[in-house]
Amino acid sequence: MLKRGQFHYHCSHLLILFITLICLILVPISLEAAQKKKGKKKTPALNLPPLKTQEQKMQLLGYIRQTMPTHRIGRRISFSSDDLDKALELELGQNTQRFAKQIDDETFVRRVYLDLTGNLPTPETIKTFISSRSSNKRSNLIDELLETEAYARKWSRYWTSVIFYDSEANKNRISPKALEDWLAEQFSKGAPWDYITVMLISATPKRNKKVRNDYGQKYGPNNFVLACENKSTELASQTARIFMGISIKCAECHDHPFDNWKREQFHELAAFFHPYTYKMPDKDDPKVKTVVKPRFLLGEKPHEKMKSDARRVSIAAYLAYNPKNYWFARAYVNRIWSELIGDGFYDVDSLGPDSDVIHKPVVNRIAANFRYKDFDPKWLFRLIMNSKVYQRDMQTISSQSELFTSVRPSRLRPDVVAASVKKLIGEDKKLHKEIMQVFDMNPSLPQGALEGSIQQALMMMNHTTLQSKLSQSELKKQLMKLSDQELVDALYLNVLARHATTEEVERNLSYLKESQSRAEAVDDLIWVLVNSTEFRTKR
């Protein structure tokens with residue numbers, strides 16, 4: 001992976017390539033103007049060394065990255081969580097009077113564990129955190145969890161789901177698990193987002209005809225391309241959607257009805273990913289086709305003699321390193337903000353130039369600083385999670401003007417629900433698979449568009465294996481050894497990761513006292529909490 005400040009560039013042929021690509025990235029317009037002025041259209045000579053391996057590609061891109069103006073600017077600029085809160089308060093104006101209160105330590109520790117690791121904290125962790133008198137304990141906990149394998153795994157699952165959710169690729173030719181493992185390794189290492197993106201986009205999987213169904217899917221980064229079935233149009237559509245937050249798929253057939261994207265722009269982007277000459281079908285007669293040259297959405301054009309492998313490297317460079325492409329940083333910021341706060345500045349995947357956006361100056365400042373910080377995902381998590389806006393109580397809102405005055409209640413993703421169940425009953429692969437299927441959700445939909453289903457409720461209420469295993473669980477055995485008061489407290493800490501309220505204690509004690517069978521009463525109490533909305537949501 002790229003190491004900031006440690007890149008030693010001593011390979012002359014890569015230098016030639018770098019200079020060529022930089023020229024192609026930054027000066028195509030001026031070159032074209034100069035050619036017109038002289039009345040000539042002479043394409044400059046291209047003498048590129050091969051870019052066959054990912055290492056060769058990343059060497060080049062690493063050098064480009066180190067020379068970007070934003071890298072130098074970023075050394076002089078800081079943007080803290082306090083700055084974020086002040087910027088947001090300025091935007092919200094009089095709506096600051098509607099700010100939800102700050103959450104207590106118990107709520108914070110549950111929320112931050114779910115957001116960063118996808119797991120509930122243990123009762124011991126909760127008690128230790130609450131009893132700590134350190135003034136920095138919240139920021140310290142965020143730092144601690146960002147260094148865990150659970151953090152890397154949780155977010156690798158999220159991005160794998162983003163990439164594969166709508167994929168129609170043959171399951172024998174893809175490996176979501178290989179992609180998830182590779183992403184987990186990158187997040188664990190602290191790899192920057194631009195590096196991860198470039199690795200995915202510039203991958204060029206090759207089929208091994210000697211081995212059945214070997215399309216290179218065992219190598220994690222190949223799976224973004226394979227999820228798109230290596231189709232030029234699908235790669236163009238998914239690259240724009242996932243890494244720029246721009247939905248241009250409909251422009252494959254006609255000009256975009258809501259944004260200012262033309263059909264030709266879509267096919268010019270698709271041409272980047274095509275191994276040979278790309279031809280756009282006529283919208284009235286698909287049999288009639290027109291040759292289209294690759295051109296990025298901001299107008300950049302690769303060298304005409306550039307081979308397909310190098311074209312993918314060039315589009316990755318245009319995407320991540322062109323200072324004018326603000327969409328790249330903004331799309332990542334908007335997604336993570338939406339996951340943590342429950343609403344985005346934009347609808348996810350709707351960052352087009354004509355899309356609705358709220359508090360644009362705030363998202364612009366965060367995105368600019370994300371770029372200045374070398375696209376470091378952990379920097380962004382720290383920025384948001386140490387802010388007041390993240391640490392506010394959850395509330396539903398009545399109008400869009402109240403967005404970010406509180407955190408929106410959020411449904412937990414299927415892998416998080418499955419992890420909470422596993423914590424109570426242990427490993428059960430069949431039940432895990434069922435939960436993953438029944439609780440599956442589109443990771444690109446905003447929380448406001450996600451609804452629980454009757455199927456989910458019925459499964460949790462009526463699943464005989466779940467009920468049986470809860471009744472035989474280690475948790476129940478431990479609860480049975482405790483006094484009624486201790487039992488209720490331990491029950492809530494283990495299932496919902498919080499203490500019971502006074503009303504809940506009284507209600508549960510009363511139920512235990514009136515029940516003829518204490519064992520059956522404990523079964524009922526566990527069952528009630530596992531079937532509560534709180535078990536499946538973030539508070």
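Atom set for the values below is all heavy atoms of this structure, side chains included, hydrogens, waters and symmetry mates excluded.
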Scanning both residues in full, the closest heavy-atom pair of S156 with L183 reads CB-CB, 3.6 Å

Report yes or no: does Q217 contribute a side-chain atom to a donor-acceptor pair with the main-chain N or O of N172 at less than 3.5 Å?
-> yes

So, F381 versus Y151, ring centres under 6.0 angstrom or not?
-> yes

Which is it for L319 and F243 under the side-chain contact (heavy atoms from CB on, under 4.5 Å) test, yes or no, and what are the steps along the way?
-> CA-CA 8 Å; L319 181 72; F243 303 110; 3.8 Å; yes

Give a yes or no on whether the ring-centroid distance for F79 and Y372 is below 6.0 angstrom.
-> no

Mind checking side-chain contact (heavy atoms from CB on, under 4.5 Å) for V407 and listing every partner two or more places apart, or none if nothing turns up?
-> R111, M394

Might you work through the side-chain hydrogen bond (donor to acceptor under 3.5 Å, both in side chains) test for R153 and S188, ending with a clear yes or no?
-> CA-CA 8 Å; R153 183 58 63 177; S188 180; over 6 Å; no

R98: partners by salt bridge (charged side-chain N to carboxylate O under 4.0 Å, His left out), with sequence neighbours left out | E402

Would a distance-only check, ignoring hydrogens and angles, find a side-chain to backbone donor-acceptor pair under 3.5 Å from N222 to G216?
-> yes

For the atom pair CG (D374) and CH2 (W379), what is the distance rounded to the nearest 0.5 Å?
-> 11.0 Å

Residues passing the salt bridge (charged side-chain N to carboxylate O under 4.0 Å, His left out) test with D343, sequence neighbours excluded, are R408

Give the minimum heavy-atom separation between M436 and A418, together with the two atoms involved.
-> SD-CB, 4.4 Å

Checking salt bridge (charged side-chain N to carboxylate O under 4.0 Å, His left out) against E339, which of R413, K154, K538 comes through?
-> R413

D115 vs Y390, side-chain hydrogen bond (donor to acceptor under 3.5 Å, both in side chains): CA-CA, chis, key distance, verdict | CA-CA 11 Å; D115 278 337; Y390 175 77; 2.6 Å; yes

Closest non-hydrogen atom pair between G245 and A331, with its separation | N-CB, 3.5 Å

By salt bridge (charged side-chain N to carboxylate O under 4.0 Å, His left out), K177 pairs with (sequence neighbours left out) D181

Judged by atom type as modelled, is there a donor-acceptor pair below 3.5 Å linking the side chain of N95 to the main-chain atoms of S401?
-> yes

For the pair E264 and K262, find out whether any cationic side-chain nitrogen is under 4.0 Å from an anionic carboxylate oxygen.
-> no

Which residues satisfy the ring-ring contact (aromatic ring centres under 6.0 Å, His included) test with F266, sequence neighbours excluded?
-> none

Out of curiosity, L179 CG to W159 CH2, how far, rounded to the nearest 0.5 Å?
-> 11.5 Å

Can you check whether R382's main-chain N or O pairs, donor with acceptor, with N386's side chain at less than 3.5 Å?
-> yes

How would you list, by chain and number, every residue that makes a salt bridge (charged side-chain N to carboxylate O under 4.0 Å, His left out) with K218, sequence neighbours excluded?
-> none

Taking atom NZ of K231 as the centre, report whether more than 12 heavy atoms of other residues, nucleotides or ligands fall under 6.0 Å from it.
-> no

Side chain of D85, backbone of K388: donor and acceptor closer than 3.5 Å?
-> yes

Taking NZ, NE, NH1 and NH2 as the nitrogens, is one of them in D349 or R241 under 4.0 Å from a carboxylate oxygen of the other?
-> yes

Paired with F375, the ring-ring contact (aromatic ring centres under 6.0 Å, His included) test is passed by just one of Y332, F328, W193, namely F328

Applying side-chain contact (heavy atoms from CB on, under 4.5 Å), run through L383 and W337 and close with a yes or a no.
-> CA-CA 10 Å; L383 177 81; W337 180 279; over 6 Å; no

